[in-house]
Protein chains: 2
Amino acid sequence: EKQVVAGIAYSRDEAKISVRGIPDRPGIAAAIFGPLTAAHVNIDMIVQSTGTDGLTNMTFTVGCVDQARAVAVLEEQQDHIQYAELHTSRDVVKISVVGVGMRSHTGIANTMFRTLAERGINIQVISTSEIKISVLIDAEYTELAMRALHTAYGLDAR
Amino acid sequence: EKQVVAGIAYSRDEAKISVRGIPDRPGIAAAIFGPLTAAHVNIDMIVQSTGTDGLTNMTFTVGCVDQARAVAVLEEQQDHIQYAELHTSRDVVKISVVGVGMRSHTGIANTMFRTLAERGINIQVISTSEIKISVLIDAEYTELAMRALHTAYGLDAR
Ligand SMILES: C[C@@H](O)[C@H](N)C(=O)O
Ligand SMILES: C[C@@H](O)[C@H](N)C(=O)O
């Protein structure tokens with residue numbers, strides 16, 4: 001069944017910042033984004049899935065120009081946020097598959113994940129909305145992933 | 001500064017499914033979504049942030065009608081996916097704040113997180129796209145959260 005995909009986009013201007021081992025209780029997300037807002041850091045993706053044993057991880061991305069400032073803000077706030085580890089990397093690329101009305105984007109997501117798996121590309125972060133699936137992968141796979149995904153969704157001939 | 005928010009939406013037809021302690025290596029996302037696609041499960045949100053020590057958690061939501069089938073598919077595939085724990089709950093609500101052109105949605109996100117924190121509401125899952133911020137919270141807070149967010153973004157008078 002032909003999946004209806006409008007296009008595939010990528011962005012290299014993404015610095016990934018992961019805050020790990022944060023308490024999963026009210027107020028922690030505000031303790032992270034309050035200072036970042038005050039420092040005028042432009043956030044792109046924000047991703048947090050469910051935690052385990054009262055702790056969770058949160059990953060977000062900023063434009064590369066804001067990476068150092070964002071990290072400095074978080075390091076100042078470590079006592080207030082109480083994270084165990086802060087990890088950051090610019091070696092990532094965001095790749096987004098945009099569907100056309102994706103209530104059931106299970107099939108579109110499956111094609112994306114299968115295509116990346118077949119080429120041995122590890123998916124670091126996943127975030128979806130109604131019309132889009134975005135992943136963060138290692139930047140060195142940008143061209144390989146983009147070519148493979150265009151083929152997988154039948155976008156080559158265009 | 002007045003944040004430009006187009007509206008706030010919520011959906012109670014969400015069953016949260018968390019797969020915890022999955023290996024963070026190529027092919028695992030495909031091992032999860034391949035069988036779910038074959039079982040015609042309609043997925044809404046998919047959220048995975050960066051892992052720790054080679055393991056990560058993935059959370060996704062399905063319409064309540066698909067919850068039992070999705071859980072059965074995952075339980076059959078436990079050896080193949082190698083997750084440590086599967087957790088599911090219908091007691092959640094998805095609340096989404098839709099902005100207008102949100103390159104810098106840091107401020108909009110901050111208002112959302114602060115407003116929920118002030119009322120003691122824990123944020124279980126976060127996922128964003130360019131124009132939208134979605135969170136999963138406990139369903140019992142639906143009315144309180146919607147009212148508080150409408151006030152916070154100045155949408156009351158409309
Ligand atoms: C956890 C899962 O996303 C894994 N990293 C994969 O690429 O499939
Ligand atoms: C981890 C963080 O999202 C926390 N659960 C909060 O509500 O702020």
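Every heavy atom of this structure was used, including side-chain atoms; hydrogens, water molecules and symmetry mates were not.
For the set K16(B), M45(B), R20(B), the entry with the most heavy-atom pairs within less than 4.5 Å of chain A is R20(B). In terms of heavy-atom pairs under 4.5 Å with chain A, the best-connected choice from I46(B), V125(B), I32(B) is I46(B). Most heavy-atom pairs under 4.5 Å with chain A, from the set V47(B), T115(B), N122(B): that is N122(B). Heavy-atom pairs under 4.5 Å with chain A were tallied for A38(B), S127(B), A117(B), S18(B); the largest tally goes to S127(B). Chain B forms more heavy-atom pairs under 4.5 Å with one residue of A109(A), A31(A), G51(A) than with any other, namely G51(A). Each of T59(A), L136(A), T128(A) has some count of heavy-atom pairs under 4.5 Å with chain B, and the biggest count is that of T128(A).
For the pair R69(A) (side chain) and A39(A) (backbone), a donor-acceptor distance under 3.5 Å is present. Looking at N110(B), its side chain does come within 3.5 Å of a backbone N or O of G34(A) through a donor-acceptor pair. D66(B) places no side-chain N or O within 3.5 Å of a backbone atom of V41(B) that could act as its donor or acceptor partner. Panel note: side chain D91(A), backbone D138(A); no donor-acceptor pair is recorded below 3.5 Å. Judged purely by atom type and a 3.5 angstrom limit, T106(B) has no side-chain atom pairing as donor or acceptor with the backbone of T37(A). Of the possible polar contacts, one joining the N57(B) side chain to the G21(B) backbone as a donor-acceptor pair under 3.5 Å is found. A donor-acceptor contact shorter than 3.5 Å is absent between the side chain of Q67(A) and the backbone of V62(A). In this structure a side-chain-to-backbone donor-acceptor pair under 3.5 Å is present from R90(A) to C64(A).
Rounding to the nearest 0.5 angstrom, the gap separating the CD atom in E14(A) from the CD1 atom in I95(A) is 11.0 Å. Distance CZ/R114(B) to CD/E118(B): 6.0 Å, rounded to 0.5 Å.
Neither the backbone nor the side chain of S134(B) comes within contact range of chain A; no heavy atom of the residue lies under 4.5 Å from a heavy atom of that chain. Residue contact with chain A, scored on non-hydrogen atoms closer than 4.5 Å, involves the backbone of I121(B) exclusively.
Under a hydrophobic clustering in which Ile, Leu, Val, Met, Phe, Trp and Tyr are joined whenever their side-chain heavy atoms come within less than 4.5 Å, directly or via other members, Y153(B) and F33(A) fall into the same cluster. No continuous path of hydrophobic side-chain contacts links V65(A) to F60(A) [ILVMFWY only; heavy atoms under 4.5 Å]. Side-chain heavy atoms closer than 4.5 Å link hydrophobic residues (I, L, V, M, F, W, Y) into clusters, and following such links, even through other members, never connects F113(B) to L55(A).
Inspection of non-hydrogen atoms places E85(A) of residues 78-86 of chain A under 4.5 Å from chain B. Within residues 22-30 of chain A, the residues having any heavy atom closer than 4.5 Å to a heavy atom of chain B are D24(A), R25(A), P26(A), G27(A), A29(A), A30(A), listed by residue number.
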